[in-house]
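These numbers come from the heavy atoms of this one structure, side chains and all, not from hydrogens, waters or symmetry mates.
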Amino acid sequence: MKKILVLLGPNLNLVGVREKGIYGNESASDINKEIIEYANNKGFECDIFQSNHEGDLIDNIHNAREKYDAVIINAGALTHYSYALRDAIAGVNLPFIEVHMSNIHSREEFRHLSVIAPVCKGQICGFGKASYFLAIEALKDMI
């Protein structure tokens, strides 16, 4: 069975608590359970890791090359400025799909740029938790 890792960046542990108009009322924990269940139903093993610390995310990217077939990443605010995260993604030979629950292109101008997009296979944004499900669908044909 193919294994995927879902990496979640800063503040994504507060989904369901923060900015409910953008991220909704459903808790991060409940959404994570749904992601794992959806992935399992599509034939994938799925692990989820969330951290508010850039280095922890980078360590998980480095370790992913030995354990996973692909990575879905919602880097949160790090998406827009973390060249270290971008370089980590570029440094491993795995397909990455960038995901955002909100449409980053319709929000504040600083959110429009993703420095990780050029090293990801694709970007899915604006569909709430379904963005993760769409990424899993994309991986079915990719790995």
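- Taken together through direct or relayed side-chain contacts under 4.5 Å among Ile, Leu, Val, Met, Phe, Trp and Tyr, F49 and L139 form parts of separate hydrophobic clusters.
- With hydrophobic clusters built from ILVMFWY side chains whose heavy atoms lie under 4.5 angstrom apart, F96 does not share a cluster with L134.
- A donor-acceptor distance shorter than 3.5 angstrom exists from the side chain of S131 to the backbone of H100, with no hydrogens or angles considered.
- Residue L5 is not grouped with residue I36 when hydrophobic side chains (ILVMFWY) are merged at heavy-atom distances under 4.5 angstrom, including chains of intermediate members.
- There is a path of hydrophobic side-chain contacts, each under 4.5 Å, that joins Y38 to I31.
- The two residues A88 and I61 come nearest to each other via the heavy atoms O-CG2, 3.5 Å.
- H80 places a side-chain N or O within donor-acceptor distance of the main-chain N or O of L113, the cut-off being under 3.5 Å.
- Y132 has its side chain within reach of N74: a pair of non-hydrogen atoms, C-beta onward, lies under 4.5 Å apart.
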Given the rule in the side chain to side chain donor-acceptor pair (under 3.5 Å) test, do N52 and Q50 qualify, once you have shown the distances and angles that lead to the verdict?
CA-CA 7 Å; N52 294 317; Q50 187 278 327; 3.1 Å; yes
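- In this structure, I72 is not a member of the same hydrophobic cluster as L94, with clusters built from ILVMFWY side-chain heavy atoms closer than 4.5 Å.
- A heavy-atom distance below 4.5 Å is found between the side chains of P95 and I143.
- Just one residue in the list I58, V115, L7 forms a side chain to side chain contact (heavy atoms under 4.5 Å, CB included) with L85, and that residue is I58.
- A donor-acceptor pair is defined here as one N or O able to donate and one able to accept, closer than 3.5 Å; such a pair exists between the side chain of H112 and the backbone of R107.
- Counting non-hydrogen atoms of other residues, nucleotides and ligands closer than 6.0 Å to CZ of F127 gives a total of 12 or fewer.
- Seen from the ring of Y68, K3 counts as a face-on cation partner, given the 6.0 Å and 45° thresholds.
- A donor-acceptor pair under 3.5 Å links the side-chain atoms of T79 to the main chain of G76, judged by distance alone.
- Panel note: side chain D30, backbone E26; no donor-acceptor pair is recorded below 3.5 Å.
- In this structure, L8 and L57 approach most closely via the heavy-atom pair O-CD2, 3.6 Å.
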